[in-house]
Amino acid sequence: MIQIENLTKVYQMGESEVRALDGASFDIDKGEMVAIMGPSGSGKSTLMSIIGCLDVPTSGKYILDGVAVENLDEAKLAEVRGRKIGFVFQQFNLLARTSALENVMLPLTYAGVSGKERQDRAMKALGRVGLAERMYHAPNELSGGQQQRVAIARALVNEPAILLADEPTGALDSKTGVEIMELFQSLYKDHGQTVILVTHDSYVARHTNRIIKLSDGQIVSDEVNANPIKAGMPRTEV
Amino acid sequence: MLFSENFKIAIRALRANKMRSMLTMLGIVIGVATVVALLSIGKGATASITSSIQGNGSNLLTVSPGKQQSMHSAGQSQQASYLYYSDYQLLQRTLVDNVAAIAPSYQSSYLVKYGDESFSVGVTGVTQDYQDTRSYTMAEGRFVSDGDNKSESLVAVLGSQTAEDLFGGLTAIGKTISIKSVKFEVVGVLEAKGSSGFISSDDVILIPLETGYNKLFGSTATYNDKKIVNSISVSVATTDAMDTISAQISFLLRRSHKLTSSDELDFNVLSQADLLNTLTTVTQTLTIFLGAIAGISLLVGGIGIMNIMLVSVTERTKEIGLRKAVGATKNQILTQFLIETMTLSVLGGIIGILLGVGLALVFKATGMISSVITADSIILAFTFALAIGVFFGLYPAYRAANLHPMVALRYE
């Protein structure tokens, strides 16, 4: 699903160069649930934005679902984002004063899906996250957990190749956070959805089956997590 | 993405900040309303001048003294030139075909008294033919006759405004007024012709020309012992003959004034069309000037829109980032913001047009200023508003479209 080879990203900060990514290489297969971990400044945000096609690498190769992404132009990149990637953000990023249904319909609008089909698919996606009854509510009428579910429905509505979540539980209390993790796990287990979680929280990371750790722009470990935490079980610190 | 989708997004965004949207729109509303109202007033002035000139009869040629002012001669001192009563007699004798009437006139201002009322009025010495050339109709009494001229009678015909001023609506016929201490009997009052702001045909006193020469005007009306006239009105029988008659007048007067072919004419032969052209040029300049002032207020409104849109783009940075993350291209973001600006300006334009038309109608209804609402001024104002929307919307929209999605998403 994802092939990344020797990826680098260099930012020019005034006089000095910052190597946010310094030769990262890994593959992610279809149907995997992976966590990308690292402290702030480790380059995980940069990696996430490149995986999410929000940014292009300075050098290296990135093949997403058979498409070489690293040298696509702006319009093509936007199309890839819309069709192959579902984003979930820490702050939900829902449009204010806009119903849950219309928020979920947004990616379909840009993908050029017509009215009736758009609505059907958005309703189905909201059903999958358990929010079918609240689809006409605006974000300010929904709880944090519900807002994140709407965001997940929005990410799923285009049936993306990968679901890319950036600290998805960071703005939620622990109980709601667990519910969201449960949702991610069920998407992965029951629907074979490829999920990539970007987090600094090792507890969150251990819900996945594979953990890639980053430090100073380089991959320091890439290990299979044989016993992922099952969300909903009592939290135990190791 | 469909236009209607973008339009819905725009309306939603504008409604989210109702007060702000309304204040922003106000700039365009005022600008467009002034453009429409001022252009209507300009057009109204043109129309009323046109109708008042046409009221004089369109087949009228007016001969007046004076060199045609050209750029190089304007500064030089020139010998005063005159038209003489003998010129009139020459034209009267010579021009026969296609001429309906020829009327000389001499005008000067005098203090006019009746009872306690006294003020200065232009007194014009005329002949009977003057009535036809100027298309005067009588409200009461009679016009100056050939007999009055022959006998040098002390009779006067009043313009409707003058009659009103002197007699305040009471009967004027038979009353005696004094012009420069000379007593005249009022024998007629003219029908009102209306004024156009520039020319008033109603504020006049007409007396027999011969009476004037001998009893009122004195030495100012002569030059080298020859009686002078201010103008000679020639009423041409058909419009087709205008050019021929005009040329004949020029030829005859050039010969009688002993001008060689290289001399400039010391008189002008103007048709009503010429006069109309001159005045139309004036009012058009005025209209353009008024329109330009209104245009500036539109420009200021446009800058207001741009300002607000820039604020809006900054406020909605995260939204823009999100839209890009879910697949919006640069062009789609650009279109979205452009449509938002255009919605503001077009809506403002429509309200402005309604307001402007309303203002013009109020002006018209109160009778203060004549105004004519034309489709082209409305189309012009609307197009201008739309263009301003596009012009001032492009930069904010361009800024929004070029936000880096990652940076936009992280914006706090």
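Values in this document were obtained by computation on a predicted structure and should not be read as measured data. To find a chain, count down the sequence lines: A is the first, B the second, and so on, and within it residues start at 1.
Using a 4.5 Å heavy-atom cutoff, the side chains of Arg410(B) and Ser45(A) are in contact.
Of the atoms belonging to Thr98(A), heavy atoms from both backbone and side chain fall under 4.5 Å from chain B. If you measure heavy-atom distances from Gln90(A) to chain B, you find no contacts under 4.5 Å at all. Only the side chain of Arg154(A) comes within contact range of chain B, with heavy atoms under 4.5 Å apart.
Results of the salt bridge (Lys or Arg N to Asp or Glu O under 4.0 Å) test with Asp120(A) over Lys124(A), Arg118(A), Lys116(A) single out Lys116(A) as the only residue that passes.
When Ala78(A), Gly82(A), Gly115(A) are compared by the number of non-hydrogen pairs under 4.5 Å with chain B, Ala78(A) comes out ahead. In terms of heavy-atom pairs under 4.5 Å with chain A, the best-connected choice from Arg15(B), Met406(B), Lys324(B), Arg12(B) is Arg12(B).
The closest side-chain donor-acceptor pair between Ser40(B) and Ser371(B), if any, does not fall under 3.5 angstrom.
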For Tyr110(A) and Gln332(B), what are the C-alpha separation, side-chain angles and deciding distance, and is it a side chain to side chain contact (heavy atoms under 4.5 Å, CB included)?
CA-CA 8 Å; Tyr110(A) 287 115; Gln332(B) 283 168 329; 3.3 Å; yes
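Within 6.0 Å of NZ on Lys213(A) lie no more than 12 heavy atoms contributed by other residues, nucleotides or ligands.
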